[in-house]
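Okay, structure first, notes after.
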Amino acid sequence: MTDSRKPVFLVIGAGAGIGGNAAMRFAAGGYHAVLARRSDAAGLAKMVGQIEAAGGSATGTLLNAAEDGTIEELVERTERDIGPIQAALYNLGAQIGNRTLDQTPHRIFELGWRLGTYGVFRLAHALLPQMVERAKTGAHGTLLVTSATAAVRGNAGQHSHAAAMGGRRMLCQTLNAEFARQGVHVAHVIVDGPVDAPDTLGKLLGDSFDAFKAGKGHDGVIDPAALAETYWHLAHQPRNCWSHEVDVRPWTDVPWWNDNPDPQIDSVGKGFAGPRSDEAR
């Protein structure tokens, strides 16, 4: 029987940057947004309120995704009490900071894996079988996974992060190989640049956040609201034109695969793309 309730967009990792903006975009498009994050109940309630004030519907819940059973319980509860999860975004990072090998204890390495790879596996394990069943009636499901440069390039000090994100990328490939033919779209999104997110990059940089953005220049930092449009597009691509992997970055940044960057290196160790001029910067 067809479920007459609103389709659900589930976000695991619903911060004020990518996750929150994606939830607002999907809610504006007719989905009920379910926002899950580890902490900051007040911030979560604020995002739900913003969605509702704009005419959408949303639910917020606090979730420690590193704990066994939490993701599975959220999927089961959402499907039972709210509606069918037609699209989901796994947006948890696995960045535990730059650490040398001897400063990376086993528990920290494992935490990166739990957040970066195992969480995606658990979400897929709980959700994709239900998406497959619904796809039999023509309603294809979408699993969107936010990723990072570390998924394709390992740097010094990134033992846990690179291993977790590289595993995330390969897991998405295997999920796509198994489930695309069953009507589930798995899309891996490499965010290859800084995001204007107050509770991630903003918290990391603290008082220097505004100066950092000013130094990057016009359009030099990814706008999470603009990125949300990419997620929306991926979730609504026709099946004969599915994108499995995309990467996004500010136009000023050299792509991760470029081996000949400008010799002038910016504050995060990346070269600049294109001609360097005060107007462009």
Side-chain angles (χ1 to χ4, degrees), residues 5 7-15 17-20 22-23 26-27 31-41 43-44 47-48 58-96 107-135 141-148 151 160-161 163-176 178-179 182 184-189 199-200 231 234-235:
R5 296 174 296 175
V8 170
F9 178 58
L10 171 65
V11 184
I12 297 180
I18 295 173
F26 276 74
Y31 289 71
H32 179 94
V34 174
L35 297 82
R37 61 188 296 174
R38 185 177 62 85
S39 59
D40 187 11
L44 183 62
M47 284 192 291
V48 170
T59 306
T61 185
L62 295 180
L63 174 83
N64 184 352
E67 291 184 359
D68 290 337
T70 55
I71 293 174
E72 295 81 356
E73 189 277 333
L74 175 60
V75 169
E76 191 277 331
R77 172 163 45 94
T78 299
E79 291 266 346
R80 182 189 67 230
D81 297 340
I82 300 177
I85 302 171
Q86 186 167 318
L89 169 60
Y90 191 88
N91 189 57
L92 288 182
Q95 176 61 269
I96 49 89
R107 63 179 179 81
I108 291 296
F109 186 90
E110 183 182 348
L111 178 61
W113 169 78
R114 280 188 168 273
L115 293 172
T117 307
Y118 189 42
V120 178
F121 170 81
R122 289 168 53 204
L123 176 60
H125 205 270
L127 178 59
L128 264 55
Q130 297 172 81
M131 285 186 168
V132 168
E133 284 302 308
R134 286 191 285 269
T142 304
L143 174 59
L144 302 163
V145 181
T146 302
S147 196
S160 174
H161 191 222
M165 301 308 278
R168 176 180 289 192
R169 184 180 188 227
M170 292 298 99
L171 175 58
C172 286
Q173 285 192 14
T174 64
L175 291 171
N176 181 68
E178 179 175 351
F179 287 96
Q182 300 181 68
V184 179
H185 183 190
V186 180
H188 179 255
V189 183
D199 54 1
T200 50
Y231 287 123
L234 287 169

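What you are looking at is a predicted structure, and each value in this text was computed from that prediction instead of being measured.
One distance of note links CD of Glu133 with CD of Gln182; it measures 9.5 Å at 0.5 Å rounding. One distance of note links CG of Leu74 with OG1 of Thr78; it measures 4.0 Å at 0.5 Å rounding. Atom CD1 of Ile71 sits about 4.5 Å away from atom CD1 of Ile12, to the nearest 0.5 Å. Rounded to the nearest 0.5 Å, atoms CD (Glu178) and CG (Leu128) are 8.5 Å apart.
Side-chain contact check for Leu175 versus Leu171: some heavy-atom pair is nearer than 4.5 Å. Counting heavy atoms from C-beta outward, Leu62 and Leu44 have side chains that approach closer than 4.5 Å. A heavy-atom distance below 4.5 Å is not found between the side chains of Met131 and Phe179.
Listed by chain and number, the residues in a side chain to side chain donor-acceptor pair (under 3.5 Å) with Thr146 are Asn91, Tyr231 (sequence neighbours excluded).
A distance-only check finds no donor-acceptor pair linking the side chain of Arg37 to the backbone of Gly15 [under 3.5 Å]. Between the side chain of His188 and the backbone N or O of Ser147, no donor-acceptor pair lies under 3.5 Å. Under a 3.5 Å cut-off, the side chain of Arg168 and the backbone N or O of Gly119 do not form any donor-acceptor pair. Thr117 places a side-chain N or O within donor-acceptor distance of the main-chain N or O of Ala164, the cut-off being under 3.5 Å.
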- Item | Verdict with reasoning, Leu123 to Leu10, per side-chain contact (heavy atoms from CB on, under 4.5 Å) | CA-CA 10 Å; Leu123 176 60; Leu10 171 65; 4.2 Å; yes
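Sorted by first and then second residue, the pairs that involve residues 117-126 and meet salt bridge (Lys or Arg N to Asp or Glu O under 4.0 Å), not counting sequence neighbours, are Glu72-Arg122.
Ring geometry for Tyr118 against Phe121 counts as parallel: the plane angle stays under 30°, on a 0 to 90° scale with 60° as the upper cut.
More than 12 heavy atoms of other residues, nucleotides or ligands sit less than 6.0 Å from atom CZ of Arg80.
Taking 4.0 Å as the cut-off between side-chain N and carboxylate O, Arg114 and Asp68 count as a salt-bridged pair.
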